[in-house]
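Here is the structure we will look at, set down as structure tokens.
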Amino acid sequence: MKRLSIFVSGNGTNLQRIAEYFLEDWEVEIVNVVCNNPKAYAIERAKKLQIPVRMIDKEEFNGEAFVKELQSLGIDLIVLAGFLWKIPEALVKAFPKKIVNIHPALLPKYGGKGFYGEHVHEAVVAAREPFSGITIHYVNELYDSGEIIMQAHVALDEKETPDTLAAKIHQLEQAYFPVAIEEVLKAIQ
Ligand code: GAR
């Protein structure tokens, strides 16, 4: 049995998809959803999915006790599904190659602080990039720069807007994120 903790800050569409994907997989359990934003719709989704929600503030998040809490829960993999805080060094050290993130662009472009959600799509459309996509990667101490696990591409149309691009990226995320998590889990002993 592999034990997941999913960190969220916003809508939670990735959380929903991952939870539904693993619903009938008795080898994978989503132990909790960690959320830093009391207004996140992801909280409602977690409740409906009957997954415990662990709300967290910045001080606790950056403290040693939180690392110990995750360890004592026996978490095998932390999944950042639209989680917008930088992961503290102590947590990265405690979970080496056991934290994965999804980013809505083709890293290393359009990554780093401030590049999240629609801000990424606005920048990609403004630069008239021919392609965008998703990057699923391990998490290290820096924003959006850990080892890449996989990328998927999509072409931009001439009339692409940030909203139409967001819809395309959403499709890719729904298709690839759970499968990538499954592959990462297989490699964890
Ligand atoms: C997703 O598009 C994800 O790639 C992005 O936030 C969105 C969360 O959506 N993550 C980042 O921008 C991280 N830098 P969701 O809450 O509906 O899953």
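Quick note: residue numbers are just sequence positions, from 1. In listed order, ligands and their atoms are each counted from 1. These numbers come from a predicted model, not from an experiment.
- The closest approach between Ile102 and ligand 1 falls below 4.0 Å for a heavy atom of the residue.
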**Request:** With side chain to side chain contact (heavy atoms under 4.5 Å, CB included) as the test, would you mind laying out the steps for Ile87 and Ile99 before giving the verdict?
**Result:** CA-CA 9 Å; Ile87 304 301; Ile99 309 177; 4.0 Å; yes
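- In summary, Arg128 and Glu160 do not engage in a salt bridge, as defined by a charged side-chain N under 4.0 Å from a carboxylate O.
- Of all protein heavy atoms, the one closest to atom 12 (O) of ligand 1 is Gly117 N, 3.0 Å.
- The single protein non-hydrogen atom nearest to atom 3 (C) of ligand 1 is Glu173 OE2, 3.3 Å, given as residue, atom name and distance.
- Pro104 CD, 3.6 Å is the protein heavy atom nearest to atom 11 (C) of ligand 1.
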Only distances under 3.5 Å count here; give the side-chain donor-acceptor pairs of residues 174-187 to other protein atoms, sequence neighbours excluded, each with its distance to 0.1 Å.
from	atom 1	to	atom 2	distance (Å)
Gln174	NE2	Thr13	O	3.2
Glu182	OE1	Tyr21	OH	2.6
Glu183	OE2	Lys186	NZ	3.2

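- Within the 3.5 Å criterion, the main-chain N or O of Gly112 finds a donor-acceptor partner in the side chain of Asp144.
- Taking the six-membered ring for Trp and thresholds of 30 and 60 degrees, Phe61 and Phe66 have ring planes inclined between 30 and 60 degrees apart.
- Using cut-offs of 30° and 60° for the angle between ring planes, the Phe83 and Phe7 rings count as perpendicular.
- The shortest N or O to N or O distance between Asn11 and ligand 1 is under 3.5 Å.
- Proximity of Phe83 to ligand 1, defined as any heavy-atom pair under 4.0 Å, is not found for any part of the residue.
- Geometrically, ligand 1 and Asn101 share no nitrogen or oxygen pair separated by less than 3.5 Å.
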Contacts under 3.5 angstrom, residues 70-79 side chains, donor-acceptor by atom type, not counting sequence neighbours:
from	atom 1	to	atom 2	distance (Å)
Ser72	OG	Lys68	O	3.3
Ser72	OG	Glu69	O	2.9
Asp76	OD2	Arg3	N	2.7

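- The shortest non-hydrogen separation linking His121 to Ala166 is CD2-CB, 3.7 Å.
- If you number the atoms of ligand 1 from 1 as listed, the ones under 4.0 Å from a heavy atom of Phe115 come out as 14 (N).
- Near Thr13, meaning under 4.0 Å from one of its heavy atoms, ligand 1 places the atoms 15 (P), 16 (O), 17 (O), 18 (O).
- Using 4.0 Å as the threshold, Gly12 has a heavy atom nearer than that to some atom of ligand 1.
- Among the atoms of Tyr116, none of the N or O lies under 3.5 angstrom from an N or O of ligand 1.
- Contact annotation: for His170 versus ligand 1, there are no heavy atoms closer than 4.0 Å.
- Annotation: atom 14 (N) of ligand 1 to nearest protein heavy atom, His103 ND1, 3.3 Å.
- Taking the centre and axis of the six-membered ring of Tyr138, the NZ or CZ atom of Lys97 falls inside the cone set by 45° and 6.0 Å.
- Heavy-atom distances between Tyr41 and ligand 1 stay at or above 4.0 Å for every pair.
- Between the side chain of Lys168 and the main chain of Ala155, a donor-acceptor pair closer than 3.5 Å is present.
- Counting only heavy atoms of the protein, atom 7 (C) of ligand 1 lies nearest to Gly82 CA, 4.3 Å.
- Residue, atom and distance of the protein heavy atom nearest to atom 9 (O) of ligand 1 are Asn14 ND2, 3.9 Å.
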